[in-house]
Amino acid sequence: MNRTPQLLFVVGARPNFVKAAPVLAAARAGGDLDCLLVHSGQHYDAAMSQLFFEDLSMPDPDIYLEVGSGSHAEQTAAVMRRLEPVLEERRPHGVIVFGDVNSTLAAALTAAKLGLPVAHVEAGLRSFDDRMPEEINRRLTDSVSELLFATEASAIDNLRREGIAPERVHLVGNTMIDSLLGGLEEARRRRPAVCAKLGLADDAYAVLTLHRPSNVDDADVLRALWGAIRELANRLPVVFPVHPRTRARLAAGGLAESDLAALKLCEPLGYLDFLGLLDGARLVLTDSGGIQEETTVLGVPCLTLRENTERPVTLSHGTNRLVGCAAAAVSAAALEVLESAPSANATRPPLWDGYAAERLVEVLRKRFVR
Ligand code: UD1
C-alpha cells in the first residue's frame with residue numbers, strides 16, 4: 001500500500017516560525033499530506049520560540065533537536081548531525097525549509113545529500129553582500145533545492161541569473177504576510193495593553209530593533225548608533241525590544257541601561273504584541289529583513305540601518321528606506337520622517353495578499369501527491 005506522502009518541515013529561528021505556520025496549516029488542512037514539524041532549537045528562549053508558537057497557533061514540534069547557540073560552523077554542524085538520523089529513519093518524500101538562517105542551510109544540505117527533494121520557501125532573495133551570513137545561507141540553500149518559492153519578482157531574476165531552471169521556481173507571494181494578515185486584528189486588540197505596559201501613548205512612539213552582527217558586534221558602530229537613537233528619543237519615545245545577542249553587546253559596551261526615560265528597552269516581545277506595536281508606530285528603525293516587509297504592508301515608515309537589502313520590493317513598493325548605519329544619516333532620516341506628513345504612497349507588493357501558503361501548498365501537492 002502506498003503511504004501518504006510525508007513532508008518534513010524544518011524551523012529553527014523566530015522568522016522561520018512566522019513563515020512556516022501558514023504553510024504547515026495549509027498543508028495539514030487537505031488531509032492528503034502527512035506533515036512533521038522539526039524544530040532545530042537554534043532559538044530556544046521562551047520569548048524567541050515558545051511565544052511565537054502560541055501566537056501563531058502552531059502545534060508543538062514533533063521533533064526537537066535542541067542544538068542551541070554556537071559559532072556558525074558549530075551550529076550548522078549540530079543541526080546536520082542531529083537531523084541526519086531523523087531523515088534516515090523517516091525517509092520523508094520532501095523536506096521544506098524557510099528563509100536564510102543557519103538551520104535552513106543545515107537542513108537543506110543534509111536532505112539534499114540523502115537524495116531527498118528540498119523545497120525552499122523565500123528563495124532567490126539576494127543582498128549581494130557575502131559579509132552577511134544569511135546571504136551565503138540563501139545562495140547555498142537555493143543551489144540544492146528542487147522547488148524554489150519566491151516572494152517577489154527580483155528573486156526570479158536572481159535565480160535565473162544563477163542558472164536555476166525556471167520550472168523549479170514559483171512566485172507564490174509572502175507567507176510571512178499571510179501570518180501578519182491573519183494576526184493583525186488580534187494584534188491591534190492587544191496594542192493598548194502593550195502600550196500601557198511600556199508607558200507609551202498610542203501612535204506617538206518609534207520602534208527599534210537591532211541584531212545584525214555588522215551593527216552590534218563592532219563597539220564603535222554600536223556606540224555611534226546609540227547616539228543617534230538617544231537623539232531620536234529626545235523627540236519621541238523609542239521602544240527597543242532587545243535581542244539577546246544585542247543585550248550582550250550593549251552590556252559589554254557599558255550601554256545596557258537606558259538613562260533616558262523615553263528610550264524604553266524591553267525583553268524580546270511575542271509575535272502579536274510586537275506586530276501590534278509595529279502597526280501603531282510613527283516610525284520603525286531596524287536591521288531585520290522581515291520587519292522591512294511587515295512595515296511595507298502596514299504602511300509604516302521604515303528606516304533600515306543597513307547599506308543594502310535583499311528585499312528590493314520594500315523600497316519600490318513599500319515604505320522602506322535604506323539609511324546605512326552612520327549616526328548622522330540615521331538622525332537626519334528619522335527627523336525627515338517625523339517632520340513629514342504620513343505618506344499614503346506605499347502599495348502592497350503583488351501576491352502579498354494572505355494566500356501565499358495556499359498557492360505554495362498547491363505546488364507541493366502537484367509534486368508530492370500523485
Ligand atoms: C538568527 C539568524 C538571523 C535572523 C535572526 C532572527 C543566522 C545566521 N542568523 O540570528 O538571520 O535574522 O536569527 O532573530 O541564522 N540567543 C539566546 N536565546 C535564543 C537564541 C539566541 O540567548 O533563544 C543568543 C545566544 O547568545 C546566541 C545569540 O543570541 O549566541 C545569537 O543567536 P543565533 O541564533 O546564533 O543568531 P541570531 O543573532 O538570533
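Both counts, for ligands and for their atoms, begin at 1 and track the order of listing.
If you run side chain to side chain donor-acceptor pair (under 3.5 Å) between Ser127 and each of Glu135, Glu310, Arg306, only Glu135 comes through. Just one of Gln292, Glu152, His317 meets the side-chain contact (heavy atoms from CB on, under 4.5 Å) condition when paired with Pro312; it is Glu152.
The aromatic rings of Phe98 and Phe9 lie parallel to each other, with less than 30° between the two planes, well short of the 60° mark.
A ring-ring contact (aromatic ring centres under 6.0 Å, His included) check over residues 12-34, counting only residues at least two apart or in different chains, returns the pairs Phe17-His39, Phe17-Phe53.
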Pairs of donor and acceptor atoms involving the side chains of residues 105-112, under 3.5 Å and at least two apart or interchain, shall be tabulated with distances.
from, atom 1, to, atom 2, distance (Å)
Thr110, OG1, Ala106, O, 2.6

Distance-only donor-acceptor pairs under 3.5 Å for side chains of residues 57-69, two or more places apart:
from, atom 1, to, atom 2, distance (Å)
Asp62, OD2, Arg28, NH2, 3.3
Asp62, OD2, Leu37, N, 2.7
Ser69, OG, Tyr44, OH, 2.9

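Among protein residues, Arg14, Pro15, Gln42, His43, Tyr44, Asp45, Met48, Ser69, His72, Gln75, Asp100, Val101, Asn102, Glu134, His211, Arg212, His243, Pro244, Arg245 come within 4.0 Å of ligand 1, judged on heavy atoms.
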